[in-house]
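To start, the structure under review is shown below, and the notes come after it.
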Amino acid sequence: MKIGERYRGVLGWFEENMALAETELSYNDPFQLIVAVILSAQCTDKRVNLITPVLFERFPDAGSMAGATQEEIFGLIKSCSYPNNKAKHLKGMAEMIVTRFNGIVPSTREELTELPGVGRKTANVIASVVWNSPVIAVDTHVFRVARRLGLTPGAKTPLDVELRLTREIPEDVRPRAHHWLLLHGRYICTARNPKCNTCGLKQLCAWYASHDGK
DNA sequence: ATCCCGAGGG
DNA sequence: CCCTCTGGAT
């Protein structure tokens, strides 16, 4: 089967089955989305959503968060992973938005990546979700799903997967494709005990074939 | 024990 | 490339 045909089957199945999404990161604006994505590293969205309402009530924007102490932020996010790193990143990120970008979240991926705590993946999430840009943010889920389905043969790093998917998925469906790959990884193609029995992509899945239905 | 929408530093 | 950070859920 050619890779192009495989994509059509994959995206078609997602279109029909991934319509109802649950447990999305909650936020009110681009700044809060950056905060939520930074907090989500090695942490479930559910837990992030438990924390952000309090955090955003106290520090709703870059200006207020830049004025917070690292200890104040730490106290509000400590139930997430890496609270020390994240508190430092959040404060530094907010400070740079204020001092360098005039209080406005920058509008290019290059500038976003200059913010402390914002790497390629986080910048891609902002671009995809906020700007609806045709980029694929490759997180642990997208990385796993793409490799299991055999969508990116030979790709060894998240960047490999991103470049490969970007090259092969048509631009107009890329934002949706990113979303579907993410949800599929979270709810069906899970890292442990993937739910292959309810997965409509079995016949297209290289991993399923090599694991003999288990 | 293993994994969750990673980034920074060595 | 590797390592560290580091809490909660399964």
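Note that these values count all heavy atoms, side chains included, but never hydrogens, waters or copies made by symmetry. We name chains A, B, ... by the order of the sequence lines, and we start the count at 1 in each one.
Which of dA7(B), dC4(B), dC5(C) sits closest to the side chain of Lys121(A) comes down to dA7(B). Distances from the side chain of Arg47(A) to the nucleotides dT6(C), dC4(B), dG8(C) place dG8(C) closest. Comparing atom distances between the Arg186(A) side chain and each of dG7(C), dC4(B), dC5(B) picks out dC5(B) as nearest.
We find that CD of Gln42(A) is positioned 12 Å from C1' of dG8(C), with the value rounded to whole Å. The interatomic distance linking Ile77(A) (CD1) with dG8(C) (C1') rounds to 14 Å, in whole Å. Taking atom OH of Tyr82(A) as the reference point, atom C1' of dA7(B) lies 10 Å away to the nearest angstrom. For the pair Ile51(A) CD1 and dC5(B) P, the interatomic distance rounds to 14 Å; values are reported in whole Å. Nucleotide dA7(B) holds its P atom 13 Å from the CZ atom of Arg109(A), rounded to whole Å. Regarding Asp139(A), its CG atom lies at a distance of 13 Å from the C1' atom of dC3(B), rounded to whole Å. One interatomic measurement links the two molecules: OH of Tyr27(A) to P of dC5(B), which rounds to 16 Å at whole-angstrom precision. Per the geometry, CE belonging to Met96(A) stands 15 Å off P belonging to dA7(B), to the nearest Å.
The phosphate of dC3(B) has neither OP1 nor OP2 within less than 4.0 Å of any side-chain N or O from Arg144(A). At least one side-chain nitrogen or oxygen of Asn84(A) sits closer than 4.0 Å to the OP1 or OP2 atom of dT6(C).
Within 4.0 Å of Pro158(A), counting heavy atoms only, lies no atom of the nucleic acid at all. Using a 4.0 Å heavy-atom cutoff across all strands shown, Val125(A) reaches at least one base atom of the nucleic acid. Within the 4.0 angstrom heavy-atom criterion, no nucleotide atom of any strand lies near Lys86(A). Looking at heavy-atom distances under 4.0 Å, Cys43(A) makes contact with a base. If you check every strand for non-hydrogen atoms under 4.0 Å, Thr122(A) touches sugar and phosphate atoms only.
By the neighbour-count criterion of 12 heavy atoms within 6.0 Å, atom NZ of Lys156(A) is sparsely surrounded, having that number or fewer from other residues, nucleotides or ligands. No more than 12 heavy atoms of other residues, nucleotides or ligands lie within 6.0 Å of NZ in Lys78(A), so this atom counts as exposed by the packing criterion. Counting heavy atoms of neighbouring residues, nucleotides and ligands inside a 6.0 Å radius, atom CG of Asn193(A) does not exceed 12 of them. The 12-atom threshold is exceeded at CG of Asp172(A), counting heavy atoms of other residues, nucleotides or ligands nearer than 6.0 Å.
In this structure, Ser81(A) and Arg192(A) both approach DNA chain C, and ranking their closest nucleotides by distance from the 5' end singles out Ser81(A). Of the two residues near DNA chain B, Thr44(A) and Glu114(A), the one whose nearest nucleotide lies more 5' is Thr44(A). Of the residues near DNA chain C, Phe74(A) and Lys156(A), the one whose nearest nucleotide (by heavy atom distance) lies more toward the 5' end is Lys156(A).
Using atom P as the reference point in both dC5(B) and dC3(C), the two lie 24 Å apart (nearest Å). Comparing dG10(B) with dT6(C), their P atoms are spaced 16 Å from each other, to the whole Å.
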Could you walk me through whether Arg144(A) and His141(A) pass side chain to side chain donor-acceptor pair (under 3.5 Å), step by step? CA-CA 5 Å; Arg144(A) 180 179 62 252; His141(A) 293 311; 2.8 Å; yes
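Looking at Arg174(A), its side chain does come within 3.5 Å of a backbone N or O of Ile169(A) through a donor-acceptor pair.
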